[in-house]
Amino acid sequence: MSVTREAVLEFLKSNPEFFVEQAEFFNQVEIAHPYSGRTISLAERQMITLREKNRLLEHRLGELLGVGESNDALGARMHQLTVALVGASRLDQIVAIVLKSLAEDFSVPQARLRLWGEGAANLGHDACTPVSAELIKEVAGMHHPVTGSVRTGEVAAWFGSEGDEISSMALVPLRFEGQSLGLLAMASDDAERFVAGMGTAYIERLGDVIAAALARVLRG
């Protein structure tokens, strides 16, 4: 009667003392090295496996630490922007602070703001340039930022000649206390910068901070 691999494995699982009783035998077993091809003992092969697992764990730990440090730095930049916006009282100040922070602190030099509503119509700023009713309706229905490849159309036209180099974009609805105030469009020539389906938690918080500052001005 032939013995199957499964039967051997089941026997070893059920009889762990077998390894102790046959320790000398296992020391004599030689198998191929996973990389060099030379023969090594079973114990040495086990040590190689453990070292590889340790390296993998160290790599994952390093990734987690890197993410934590990145999040801390991002949080610090968000706090800095919030403090600056709290001290701004005019629309031109707010727009200048936002665009400067996006370019210098968040590495997004290509960004445009458009605001609408009764408050915006009387301010005479470039950010209050009229937009289509269709866009206002579309933004009003956006509950979260939208990211992905650039779409030709009204928003892309805001970037003028720079629009030809845009490969990805993040559209952030600016809403305060349920009211749609406008749209922040962030663009990049890197197709992977604002990919569709990416996490947008920080982008959404960014929009909330900007919208809160703008609401003070737009509501007088």
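Closest heavy-atom contact between A156 and M169: CA-CE, 4.5 Å. Residues M142 and R175 share a closest heavy-atom pair of O-NH2, 2.8 Å. For F159 against A111, the heavy-atom pair with the smallest separation is CE2-N, 3.8 Å. Minimum interatomic distance between L171 and A185 (heavy atoms only, all atoms of both residues): CD2-CB, 3.9 Å. Contact detail for I97 and A84: the closest heavy-atom pair is CD1-O, 3.5 Å. Residue F106 comes nearest to R193 through the heavy atom pair O-NH2, 2.9 Å, listed as atom of the first residue, atom of the second, then distance.
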For this session: Quick one: do E154 and R114 satisfy salt bridge (charged side-chain N to carboxylate O under 4.0 Å, His left out)? Show the steps, please.
Result: CA-CA 11 Å; E154 185 173 356; R114 286 295 183 274; over 6 Å; no

For this session: Check the pair L85 / I94 against side-chain contact (heavy atoms from CB on, under 4.5 Å), numbers first and verdict last.
Result: CA-CA 6 Å; L85 289 175; I94 293 173; 3.9 Å; yes

Problem set entry | Residue pair W116, V139: steps toward the side-chain contact (heavy atoms from CB on, under 4.5 Å) verdict | CA-CA 11 Å; W116 45 74; V139 173; 3.8 Å; yes

For this session: Would you sort out whether L214 and V98 count as a side-chain contact (heavy atoms from CB on, under 4.5 Å), showing the intermediate values?
Result: CA-CA 11 Å; L214 290 169; V98 169; over 6 Å; no

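The side-chain heavy atoms of L174 and L113, taken from C-beta on, include a pair separated by under 4.5 Å. V83 has its side chain within reach of H79: a pair of non-hydrogen atoms, C-beta onward, lies under 4.5 Å apart. Within the 4.5 Å cutoff, no side-chain heavy atoms of I136 are placed close to those of L183. Looking at L184 and L102, their side chains come closer than 4.5 Å, going by heavy atoms from C-beta outward. Residues V155 and R112 have side chains not in contact (no heavy-atom distance under 4.5 Å, counting atoms from C-beta outward). The shortest side-chain heavy-atom distance between V131 and W158 falls under the 4.5 Å cut-off. Side-chain contact between L206 and V172 is absent, with no heavy atoms from C-beta onward closer than 4.5 Å. Within the 4.5 Å cutoff, no side-chain heavy atoms of D105 are placed close to those of L81.
Under a hydrophobic-cluster definition in which Ile, Leu, Val, Met, Phe, Trp and Tyr are linked whenever side-chain heavy atoms come within less than 4.5 Å, directly or via other members, V86 and V217 are assigned to different clusters.
Without hydrogens or angle criteria, T147 side chain to V195 main chain gives a donor-acceptor distance under 3.5 Å. Listed for the S168 side chain is a donor-acceptor partner under 3.5 Å among the backbone atoms of F194. Of the possible donor and acceptor atoms, none in the side chain of T200 sits under 3.5 Å from a partner among the backbone N and O of I203.
Rounding to the nearest 0.5 Å places OG of S89 at 8.0 Å from CZ of R216. In this structure, CG on L115 lies 6.0 Å from CG on L91, to the nearest 0.5 angstrom. In this structure, E104 CD and L99 CG are separated by 11.0 Å, a value rounded to the nearest 0.5 Å. The distance from the CD atom of E192 to the OG atom of S167 is 10.0 Å, given to the nearest 0.5 Å.
The number of heavy-atom neighbours closer than 6.0 Å to CD of Q80, taken from other residues, nucleotides and ligands shown, is 12 or below.
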